[in-house]
Amino acid sequence: MENDNKKISRRKALKAAVVAGGAALMGLPKVRHASAQQTISLKMQSTWPTKDIFHDIFVAWGKKVEEMAGGRLKIDILPSGSVVPAFSLMDAIHSGTLDGGHGVAAYWFGKNVGTSLFGTGPAFGFDAEVLLGWIYHGGGQELYNELIQQILKLDVVSFFHGPMPTQPLGWFKTPITRPEQFKGMKYRTVGLSADLFKAMGASVVILPGGEIVAALDRNLIDAAEFNNPTSDRMLGFPDVRKVMRAQSYHQPMECLELLISKKKYEALPKDLQSIIKYAAMAESADFTWKMMDRNSVDLEEMKTKQKVQVVKTPKSVLEAQLKAWDTVIAEKSKDNPFFVKVLESQKKWAARVVPLRQEIVVDQELAYNHFFKKAAAPAAKPAANTAPAEKKS
């Protein structure tokens, strides 16, 4: 009987020790193992060569995503042509060959002309900032989703960002002074701009950015436009043409596009989805500031060091472009209700937003000229000596 009592006492003591030990452990901080955190990798390709500023922007977006994701998301970024040609990027993402990529909507013009309205559409008084406003707050994103996912049935989601400055009319052998000079000219552009310049009489050639300068150098084309002073300089335009006509209505409002497989994107945790989306918005702002810095330096150095003649496009050419837009709009609207739907949405946005900017935002040219372009004041004439002559002693 005594032995039984001792056994019961030992069991009670062991049980009490276990309970006490458990309570002590509960009071300690929990230790998380880093190895339990899985890294998700996305393989993505741009439509730009590595030396283009747009590829730099894509890489910068990837770095922002990785930093904000704390190592849970890795973006493997490849330059144009690494896996597929630039214009085949959308199909590669849809098929799963790539997880995502970077380009512009006009590159998918061959699939549906409506894609071009999301960056290279008619000039309704838009610039790229107004276009992004329409995309995010005027119904543009919903329309693009309808086009890509429902009409074209592509497994792709898109995030627009990076408002581009007004693109130059292009690079030429001799100055363009009148619209008639485009007749018969072999000219490179993309998207609906191709139809615009065809309406002006040009023979249009569509090429990705990395192939333009070689075509100019070999005289396969006479003239070309690409995008902005930095991109144009990095791609080598000043080496093959010395005349750049600035300002144009063919592409006054284009922006960049981040593309991701819809299946891959929706499989990500919600917080990583948000990081991808909002990193694009953050990069959009950073891109704007970077373009101010880089474009201003490159434009000045092209003029001073590479002897590029930069001249504003004459009014007669701009007016001819607007008339050509009338022709393109009428032609492309035939039997294309979606095209018309997008145009009407853009017109509605422009009618409301463009007057706001025109009436509220002051024209900065007057202020700039006041401080930086003052006419040199004529040298003051010496004052006449009107004092009475001193008397000789």
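Each residue takes its place number in the sequence, starting with 1. Values in this document were obtained by computation on a predicted structure and should not be read as measured data.
Side-chain atoms of Cys255 and Leu131, non-hydrogen and from C-beta on, do get closer than 4.5 Å to each other. Taking 4.5 Å as the limit, every side-chain heavy atom of Lys323 sits out of range of all side-chain heavy atoms of Pro179.
Of the possible polar contacts, one joining the Ser296 side chain to the Met292 backbone as a donor-acceptor pair under 3.5 Å is found. When atom types are taken as modelled, the side chain of Thr39 and the backbone of Gly71 share a donor-acceptor pair closer than 3.5 angstrom. Side chain of Glu254 to main chain of Thr120: no donor-acceptor pair is present (N/O by atom type, distance under 3.5 Å, no hydrogens or angles). Between the side chain of Thr50 and the backbone N or O of Pro79, no donor-acceptor pair lies under 3.5 Å. The closest donor-acceptor contact from the side chain of Asp222 to the backbone of Lys186 lies under 3.5 Å. Between the side chain of His94 and the main chain of Asp155, a donor-acceptor pair closer than 3.5 Å is present. Between the side chain of Thr313 and the backbone N or O of Ala246, at least one donor-acceptor pair lies under 3.5 Å. Without hydrogens or angle criteria, Lys173 side chain to Ala223 main chain gives no donor-acceptor distance under 3.5 Å.
One finds no salt bridge joining Glu67 and Lys63 here, because no Lys/Arg side-chain nitrogen approaches an Asp/Glu carboxylate oxygen to under 4.0 Å. A salt bridge is defined here as a Lys NZ or Arg NE, NH1 or NH2 lying under 4.0 Å from an Asp or Glu carboxylate O, and Lys341 with Glu344 fails to meet this definition.
Between Ser284 and Gly162, the shortest heavy-atom distance links the atoms OG-N, 2.9 Å. Residues Ala69 and Leu272 share a closest heavy-atom pair of CB-CD2, 3.8 Å. The minimum heavy-atom distance between Ile77 and Phe58, with the atom names listed, is CD1-O, 3.2 Å. Minimum heavy-atom separation, Gly101 to Leu89: CA-CD2, 3.9 Å.
Of the N and O atoms on the side chains of Ser158 and Glu257, at least one donor lies less than 3.5 Å from an acceptor on the other residue. Side-chain N/O atoms of Thr304 and Glu300 include no donor and acceptor closer than 3.5 Å. Side-chain atoms of Asn228 and Ser231 form a donor-acceptor pair, as typed in the model, at a separation below 3.5 Å.
Crowding of Lys277 atom NZ: a count of heavy atoms from other residues, nucleotides or ligands under 6.0 Å not exceeding 12. Counting heavy-atom neighbours within 6.0 Å of Glu180 CD, excluding the residue itself, gives a total above 12. Within 6.0 Å of CG on Asn219 lie more than 12 heavy atoms contributed by other residues, nucleotides or ligands. Summarising the local packing, OH of Tyr249 is surrounded by 12 or fewer heavy atoms from other residues, nucleotides or ligands at distances under 6.0 Å.
The side chain to side chain contact (heavy atoms under 4.5 Å, CB included) with His55 is formed by just one residue from the set Pro49, Ser46, Ser80; it is Ser46. For the salt bridge (Lys or Arg N to Asp or Glu O under 4.0 Å) with Glu225, the lone residue among Arg241, Arg188, Arg245 that qualifies is Arg188. Just one residue in the list Tyr278, Trp61, Phe159 forms a side chain to side chain contact (heavy atoms under 4.5 Å, CB included) with Glu283, and that residue is Trp61. If you run side chain to side chain donor-acceptor pair (under 3.5 Å) between Thr230 and each of Asp293, Asp52, Asp298, Asp56, only Asp298 comes through.
Under the 6.0 Å cut-off for aromatic ring centres, Phe54 and His102 do not qualify, their centroids lying 6.0 Å or more apart. Annotation: Trp134 is in aromatic contact with Phe118 [ring centroid separation under 6.0 Å].
Grouped by direct or indirect side-chain proximity (heavy atoms under 4.5 Å, Ile/Leu/Val/Met/Phe/Trp/Tyr only), Ile360 sits with Leu356. In the hydrophobic clustering (ILVMFWY side chains linked at under 4.5 Å, chained through shared members), Tyr368 is joined by Phe371, Phe372.
Gln167 contributes atom CD, which lies 4.0 Å from atom CG of Asn227 (distance to the nearest 0.5 angstrom).
Between Phe87 and Tyr107, the ring planes lie perpendicular to each other; the angle is over 60°, past the 30° to 60° tilted range.
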- Would you please test Arg357 and Glu129 for salt bridge (Lys or Arg N to Asp or Glu O under 4.0 Å) and show each step? CA-CA 11 Å; Arg357 291 162 66 96; Glu129 290 283 7; over 6 Å; no
- Go through Trp108 and Tyr144 one step at a time and tell me if the ring-ring contact (aromatic ring centres under 6.0 Å, His included) criterion holds. CA-CA 12 Å; Trp108 329 130; Tyr144 195 69; 9.3 Å; no
- Task: With side chain to side chain donor-acceptor pair (under 3.5 Å) as the test, would you mind laying out the steps for Asn112 and Thr115 before giving the verdict?
- Result: CA-CA 6 Å; Asn112 189 300; Thr115 60; over 6 Å; no
